[in-house]
Amino acid sequence: MCEVVLDGESLTIQDLHKIAEGAKVAIAPRCWTEMARSEAVVREAVEKDKIVYGVTTGFGHLARTAVKPSKAAELQRNLILSHAAGVGEPFSIEQVRAALVLRINSLIKGISGVRRCTVELMVDFLNRGITPYVPQQGSVGASGDLAPLSHMAMTLLGEGKVYYKGDLVPAARALEAEKLEKLEPVQKEGLALINGTQIMTAVLGLALVRAYRMFEWALASTALGLDALKASISPFDPRIHRARPHPGQIYVAERILHYMQGSEILQSHQKQCGKVQDAYSLRTSPQVLGAVKDTLDYATGVVTREMNSVTDNPLIVDGDVLQSGNFHGEPIALVADFVAISLVELGNITERRVDRMVNPMVSELPPFLARGEAGLNSGYMIWQYTAAALASENKSLAFPASADSIPTSAYQEDHSSMGPIAARKALRILQNVERIVAVELMIACRALEFHNGMKTGPKLEKSRALVQQFLAENTSDRFWGDEFEAVLNMMLHTECPSAVIEDEELQQQEEEKKKEEKEQEATGKKCACSCSCGKSSDSE
């Protein structure tokens, strides 16, 4: 497993996923210097009995209550333990590892006032496989993820439970087994550990990695469905999409057009097709799925910035102690809801194509793709019900969590983002959409079996073959649930082969272009018009 070097500036969602899955981490050496400066400022504030929120005062509504310097360490410990008020099912080990590394990445930027030993213990947790047990419910995303981050922080103190070597054990036992010293938080460390947006950001960041994989499979399932229904490829003509140049729309149209190139099915009906226009679920795939792609890309930009940001309070900048609101989860809450709504739409349009493939009124295929004696066999009728149920459940989940707010801490914290709820809800919707796409993959491959052995495009055949290996011969009704689960599991853990081929070809084209440019430079200056004619700019 690779090692990811953290510097507080360059963490990506791909890095986050690697660490969540078990990659180890190291800290860029320069970060320790910056941390030492801010830690010294906080230490001096305590020694000189300065009024600093959360360091020499209480928290929230108790901010006006002074705390003696001699009680500063006890204050931080009490903060962590009292705020660990989460309930419900726990976050996954991967989600907690992601949150832990995000907290580290924020602290090493050097303006949170924590000691090196504190961060080193957090790194030890990651690298030695100690993962805090963190309940999912209890955060409104106002002062960040206070409750879940407190559950995470308390394990550094030897309190609470952790996952260690396959078991859920007391944190103190894991620390003892690894010969690690319990953290005794001082000065501002308790506040720095629990005041931030790392839980909601971790959940959404990992969901985005998963969503991109599902999205590429959705493009393949769309193309398979288009071929199964003998749809026209005219709506994918690049001239159409240059006239409305949304990046995602262009991306989707290019992908699907390339996937269907060389399709025997397409060639069989392309010239004599009597259809004037296909239904929207086929014809507007670039516009709808492209908007989803743009949403995922936008959300990734926001999440990446957040992963490399400082979100606690107060902040120590240039020797000054600054009261801030960076802990508020609104940026993540809004994009989590945006992602959720876009995924609902992906599920909606996918379910409509599933219906068209099993619906004899529009498919020009056998009713419900059934084999055997007519009427005796229902075929895949109810799988459309399943897709419809999942799509409808998503609609009930689509109400934006960020539209809600509720005051806490005696009206001191009187606006909440609900970011953790938005992120968890987006993940639930994603899981439903993954199932809908898996249904379409299964149904589309079955529908293609009715095209007399004709193949789709060579690139698309790679994805079809991967799905088809899980589908036994269809001769009459039986239980298809195991086949569906196999397709779903494959989709969750395998990159779409059609997309991989496409990326390799694009990379090859880019390399050929660079090679051509080098050859031009070697033979003479480029044409002044910047075309590819190869003429020298001195030529007339």
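Positions are given from 1 along the sequence. Predicted model, so just to flag it, every value in this text is computed and none were measured.
Residues Arg77 and Glu184 meet the side-chain proximity criterion, which asks for heavy atoms closer than 4.5 Å. Counting heavy atoms from C-beta on, the side chains of Lys395 and Asn348 come closer than 4.5 Å. Looking at Val288 and Val252, their side chains never come closer than 4.5 Å, going by heavy atoms from C-beta outward. Pro90 has its side chain out of reach of Pro135: every pair of non-hydrogen atoms, C-beta onward, lies at least 4.5 Å apart. In this structure, the side chains of Leu149 and Asn195 stay at 4.5 Å or more apart for every pair of heavy atoms. Asp15 has its side chain out of reach of Met307: every pair of non-hydrogen atoms, C-beta onward, lies at least 4.5 Å apart. With contacts defined as side-chain heavy-atom distances shorter than 4.5 Å, the pair Ile436/Glu440 does not qualify. Residues Lys188 and Ser112 meet the side-chain proximity criterion, which asks for heavy atoms closer than 4.5 Å.
In this structure, Glu485 has no salt bridge (charged side-chain N to carboxylate O under 4.0 Å, His left out) partners at least two apart in sequence or on a different chain. Residues passing the salt bridge (charged side-chain N to carboxylate O under 4.0 Å, His left out) test with Glu120, sequence neighbours excluded: Arg116. Applying the side-chain hydrogen bond (donor to acceptor under 3.5 Å, both in side chains) rule to Ser38 yields no partners; only residues at least two apart in sequence or on another chain are considered. For His415, the ring pair (Phe, Tyr, Trp, His ring centres under 6.0 Å) partners are His328, not counting sequence neighbours. Among residues two or more places apart in sequence or in another chain, the salt bridge (charged side-chain N to carboxylate O under 4.0 Å, His left out) test is passed with Asp414 by none. Listed by chain and number, the residues in a side-chain hydrogen bond (donor to acceptor under 3.5 Å, both in side chains) with Gln287 amount to none (sequence neighbours excluded). By the salt bridge (charged side-chain N to carboxylate O under 4.0 Å, His left out) test, Lys161 is found to be paired with no residue, residues two or more places apart in sequence or in another chain being considered. Residues meeting the ring pair (Phe, Tyr, Trp, His ring centres under 6.0 Å) test with Phe484, sequence neighbours left out: Trp383.
Although no hydrogens or angles enter the test, the distance criterion places no donor-acceptor pair under 3.5 Å between the side chain of Gln249 and the main chain of Gly290. A donor-acceptor contact shorter than 3.5 Å is absent between the side chain of Arg435 and the backbone of Leu488. Between the side chain of Asp320 and the main chain of Leu322, no donor-acceptor pair closer than 3.5 Å is present. Ser342 places a side-chain N or O within 3.5 Å of a backbone atom of Val339 that can act as its donor or acceptor partner. Judged purely by atom type and a 3.5 angstrom limit, Thr155 uses its side chain to pair as donor or acceptor with the backbone of Met152. Listed for the Ser106 side chain is a donor-acceptor partner under 3.5 Å among the backbone atoms of Ser309. Without hydrogens or angle criteria, Thr350 side chain to Val437 main chain gives no donor-acceptor distance under 3.5 Å.
Looking at Asn313 and Asn326, their side chains never bring a donor and an acceptor atom within 3.5 Å of each other.
Rounding to the nearest 0.5 Å places CD1 of Ile429 at 8.0 Å from OG of Ser396. Atoms CG and CE, from Leu296 and Met214 in turn, are 7.0 Å apart once rounded to the nearest 0.5 Å. Annotation: the span from Gln137 atom CD to Phe91 atom CZ amounts to 9.0 Å, rounded to 0.5 Å.
With respect to Leu208, the side chain to side chain contact (heavy atoms under 4.5 Å, CB included) criterion is satisfied by exactly one of Thr300, Val335, Leu16: Thr300.
Screening residues 190-205 for salt bridge (charged side-chain N to carboxylate O under 4.0 Å, His left out), with sequence neighbours left out, gives no hits. Applying the salt bridge (charged side-chain N to carboxylate O under 4.0 Å, His left out) test to every pair with at least one member in residues 326-347, sequence neighbours left out, gives these pairs: Asp337-Lys425. For residues 173-219, no pair satisfies ring-ring contact (aromatic ring centres under 6.0 Å, His included), with sequence neighbours left out.
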For residues 174-182, please give each side-chain donor-acceptor pair under 3.5 Å, one per line with the distance, not counting sequence neighbours.
unit_1: Glu178; atom_1: OE1; unit_2: Arg128; atom_2: NH1; d: 3.3
unit_1: Glu178; atom_1: OE2; unit_2: Tyr164; atom_2: OH; d: 2.6

Stepwise salt bridge (Lys or Arg N to Asp or Glu O under 4.0 Å) check, Glu34 with Arg30: CA-CA 7 Å; Glu34 297 299 324; Arg30 64 175 175 80; over 6 Å; no
Check against side chain to side chain donor-acceptor pair (under 3.5 Å), Thr311 and Glu306: CA-CA 8 Å; Thr311 56; Glu306 190 76 359; 5.2 Å; no
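Atom CD1 of Ile406 has 12 or fewer neighbouring heavy atoms from other residues, nucleotides or ligands inside a 6.0 Å radius.
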